[in-house]
Amino acid sequence: MENRYGTLASWVYHLDKPIGRSFGDIEFYRDRLAGCSGPVLEPAAGNGRVLIPLLEAGFDIRGFDASDEMVAHCRAECAKRGLSAPVDIQRFETFSYPERFEAIIVPAGSFQLVTEPEAALGVLRRFHEALCPGGRLLLDLDPLASLADTSRTTRHWRDGDSLLTLSEQRVETCFQRQTMLSHLRYEQWRDDVLVASELQLFHLRLWGVLEMELALKASGFKEIRVHGDYGADAGPGPEAVSFTFEAVAGA
Ligand SMILES: C[S@@+](CC[C@H](N)C(=O)[O-])C[C@H]1O[C@@H](n2cnc3c(N)ncnc32)[C@H](O)[C@@H]1O
């Protein structure tokens, strides 16, 4: 299955991006949510990297994720801090809650994991339905230029007596559909012996800025703003490496 965060993928994510590891995004989301007293939802909350600091900052935030393993990390980190874990297993495409949210945040480009345009539009409509009228969606995207970056990388982490490696290789790029497929190969080594390996088929669809604005409007959003590199005031410059869309749910 594509974009599944299995045992090794989740372990590496948690080592590489532990709770509170910020790219400027955690402070940005916290500041944009200031004054928000109603419930906040983080779809694809993963290990709780962003969700737990926001919970600790006093926000009434809950999240969901498709991966049992990522949610297990999040629950364990909540338990360590004496917090109840407001996370459950759900998917972008089908999630539902009885309450409506004052804000929905989607950091780390997770929306790009929905690679079929029709499905992605369905997810935006679902976000709209899950928000109170006037509620806000904040959603991160990478620049389209990432499609052209096909560099191969290998990285490693140590955890106890385990060495974890991640080798990433682009295997398909489709400029027409704006999609890219990479093979992420995870390995766990102990005493020079391979203990486990896992292949993640990592599929992303990138969006143009104007294209996302149109998609948000078509899904019932208005008052759309685009922030570059987690700067609240300036719009994105030509060199921006991340875009955050902020949009208000129309009635
Ligand atoms: C890049 S991580 C982001 C985690 C967290 N939001 C953060 O900012 O660190 C992407 C997450 O999306 C989840 N995911 C992938 N496909 C999903 C889907 N269809 N529905 C819900 N979650 C999904 C993965 O399990 C993973 O935890």
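The figures that follow rest on heavy atoms only: side chains count, while hydrogens, waters and symmetry mates do not. Remember, predicted model here, so these are calculated numbers, not experimental data. Whatever order the structure lists ligands and atoms in, that order sets their numbers, starting from 1.
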Nearest neighbour in protein (non-hydrogen) for [atom]:
atom: atom 24 (C) of ligand 1; value: Tyr5 CD1, 3.3 Å
atom: atom 8 (O) of ligand 1; value: Arg49 NH2, 2.9 Å
atom: atom 23 (C) of ligand 1; value: Ala66 CB, 3.7 Å
atom: atom 14 (N) of ligand 1; value: Leu113 CD1, 4.0 Å

Notebook entry, point to check: Would you call Phe95 a ligand 1 contact, heavy-atom distance under 4.0 Å?
Noted result: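 Flag not set, Phe95 not near ligand 1.
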For [X], atoms of ligand 1 separated by under 4.0 Å from a heavy atom:
X: Ser67; answer: 25 (O)
X: Asn3; answer: 15 (C)
X: Gln90; answer: 21 (C)

Item checked: Basic-acidic side-chain contact under 4.0 Å: Arg81, Glu77 -> yes
Between [X] and ligand 1, does any nitrogen or oxygen pair lie at a separation below 3.5 Å?
X: Arg91; value: yes
X: Val50; value: no
X: Tyr13; value: yes
X: Ala44; value: yes
X: Ser110; value: no
X: Asp65; value: yes

Approximate separation, where rounding is to 0.5 Å, of [X] [atom1] and [Y] [atom2]:
X: Ser162; Y: Trp11; atom1: OG; atom2: CH2; answer: 4.0 Å
X: Ser96; Y: Arg126; atom1: OG; atom2: CZ; answer: 7.0 Å
X: Phe28; Y: Ser242; atom1: CZ; atom2: OG; answer: 8.5 Å

Margin query: Does Asn47 form a side-chain hydrogen bond (donor to acceptor under 3.5 Å, both in side chains) with Tyr5? I'd like the steps, not just the answer.
Written below: CA-CA 11 Å; Asn47 62 338; Tyr5 284 67; over 6 Å; no
Backbone, side chain, both or neither: what part of [X] comes under 4.0 angstrom of ligand 1, heavy atoms only?
X: Arg4; answer: neither
X: Met70; answer: side chain
X: Ala45; answer: backbone
X: Glu93; answer: side chain
X: Phe92; answer: both

What I'd like to find out is whether the side chain of [X] reaches to under 4.5 Å of the side chain of [Y], using heavy atoms alone.
X: Glu69; Y: Arg4; value: yes
X: Arg136; Y: Leu131; value: no
X: Arg177; Y: Thr115; value: no

Check: Would Asp31 and Tyr230 satisfy side-chain hydrogen bond (donor to acceptor under 3.5 Å, both in side chains), going step by step from the backbone distance to the final call?
Finding: CA-CA 10 Å; Asp31 292 351; Tyr230 305 116; over 6 Å; no
Note to self: salt bridge (charged side-chain N to carboxylate O under 4.0 Å, His left out) for Asp149 and Arg170? Distances and angles first, verdict last.
What the structure shows: CA-CA 9 Å; Asp149 176 8; Arg170 180 80 64 84; 5.8 Å; no
Checklist line | Residue Asp191 excluded, over 12 heavy atoms near CG under 6.0 Å | finding: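 No, the 6.0 Å shell around CG holds no more than 12 heavy atoms from other groups.
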Checklist line | Ring geometry between Trp207 and Phe111 (parallel below 30°, tilted from 30 to 60°, perpendicular above 60°) | finding: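 Taking Trp207 first and then Phe111, their aromatic rings sit tilted (interplane angle of 30° to 60°).
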